[in-house]
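Here is the naming used below: chain letters follow the sequence lines, and residue numbers restart at 1 for every chain.
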Amino acid sequence: MSTEKELIREKLVSNYNSIFEKKLIDEIVEVGSLQSLKNGEILIDIDDEMTHIPLLINGVVKIMRADESGDDIVLYYLEKGDTCAISFVNCINRSKSMFKGIVKKDMEGIFIPVCLIDDWLKKYESWRHFIIDSYHLRLMEMVESIDRLAFLKLEERVYKYLNDKVAIEKDNTLIITHQEIADDINTSRVVVSRLLKRLENEGKIAIRRNKIILEDLL
DNA sequence: ACATTAAGTGATT
DNA sequence: AATCACTTAATGT
């Protein structure tokens, strides 16, 4: 047996022994290839063809999606013991990657050709569980990302709301309560209070009782 | 001084 | 982000 295969087996056993059954580990050792990528290298880019699936041994990969303005939206991070379950969909229907994966910490992973992924789902219970768990985890992390984005949007909405109000009143000191704002933008008072606190810390507004003073206008 | 209402906080889901 | 359960601060009577 070659040195590389021994190395792969060793790394698999120390990181995935509790998850994968023995026969599956044997098979991964047969077909997997060990690769390492350095910080900043691109693991996968949008529209790339998926040819291999990585099982992370160590390091960190940031998975993201580019938005309209060219900013990147971070979806989730991959660490040791993780895999990019979303890419399995790409494997099965042979589509291209929707995401970009960039190495954030020198990474080492065992790469598995995509053609085997589907077979293993039928063949190995441990593989099936691994994929489903991973998929679930990824989904949860994405939901968190969505929450964060929604939160940012809400802060913007509040600020815009205040500016609109100032334009109408023709006075940069608004007589308004947090509750009223909350009612107008359909959220809770607590949330508004916290958002306003943030805006205040950013120096955009000053908060008094029943009053909000807009420092500089939008 | 006391009651009422607005705003702030921490924990939980 | 929303809700709950409290606390704290400001105001009116």
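Distance alone, capped at 3.5 Å, is enough to place a donor-acceptor pair between the A:K5 side chain and the A:E30 backbone.
Rounded to an integer number of Å, the gap from CD of A:E155 to P of C:dA2 is 14 Å. If you take CD1 of A:I213 and C1' of B:dA7, they are 15 Å apart, rounded to a whole angstrom. What separates NZ of A:K211 from C1' of B:dT5 is a distance of 17 Å, to the nearest Å. What separates CZ of A:R189 from P of B:dT9 is a distance of 11 Å, to the nearest Å. Note: CG (A:L199) to P (B:dA7) measures 15 Å, nearest angstrom. In this entry the distance linking CG of A:D183 with P of B:dA7 reads 12 Å, nearest Å. Counting to the nearest Å, the P atom of B:dG8 and the CZ atom of A:R198 are 15 Å from each other. Taking atom CG of residue A:L195 and atom P of nucleotide B:dT9, one finds them 13 Å apart after rounding to whole Å.
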Please list, for nucleotides 10-13 of chain B, all pairs of protein and nucleotide N/O atoms separated by less than 3.5 Å.
from, atom 1, to, atom 2, distance (Å)
B:dG10, N7, A:R194, NH2, 2.4
B:dG10, O6, A:R194, NH2, 3.0

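Across all their heavy atoms, A:S145 and A:L75 have their closest contact at OG-O, 3.0 Å.
Among the atoms of the strands shown, only primed sugar atoms or phosphate atoms (P, OP1, OP2) are found under 4.0 Å from some heavy atom of A:S193. Heavy atoms of A:L196 sit nowhere under 4.0 angstrom from any nucleic acid atom.
Note on A:H178: a side-chain N or O is less than 4.0 Å away from OP1 or OP2 of B:dG8.
Rounding to the nearest 0.5 Å places NZ of A:K22 at 12.0 Å from CG of A:L24.
Within the cation-pi definition used here (under 6.0 Å to the ring centroid, within 45° of the axis), A:K104 does not qualify as a partner of A:Y77.
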I'd like a table of donor-acceptor pairs (distance under 3.5 Å, sequence neighbours excluded) in which one partner is a side-chain atom from residues 178-185 of chain A, with atom names and distances.
from, atom 1, to, atom 2, distance (Å)
A:H178, ND1, A:S193, OG, 2.8
A:Q179, NE2, A:D183, OD1, 3.1
A:E180, OE1, A:T177, N, 3.0
A:E180, OE1, A:T177, OG1, 3.2
A:D184, OD2, A:Y161, OH, 2.4

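The residues A:K204 and A:E202 are annotated as salt-bridged, a charged nitrogen and a carboxylate oxygen being separated by less than 4.0 angstrom. Using a 4.0 Å cut-off between charged side-chain N and carboxylate O, A:E156 and A:K153 make no salt bridge. Taking a cutoff of 4.0 Å between a charged side-chain nitrogen and a carboxylate oxygen, A:E200 and A:K197 qualify as a salt bridge.
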Summarise protein proximity over nucleotides 8-13 of chain C in one line of letters, 5' to 3': B for base, S for sugar-phosphate only, - for none, counting protein heavy atoms closer than 4.0 Å. -BBS--

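Under the 30°/60° scheme for interplanar angles, the aromatic rings of A:W127 and A:F20 are found to be tilted.
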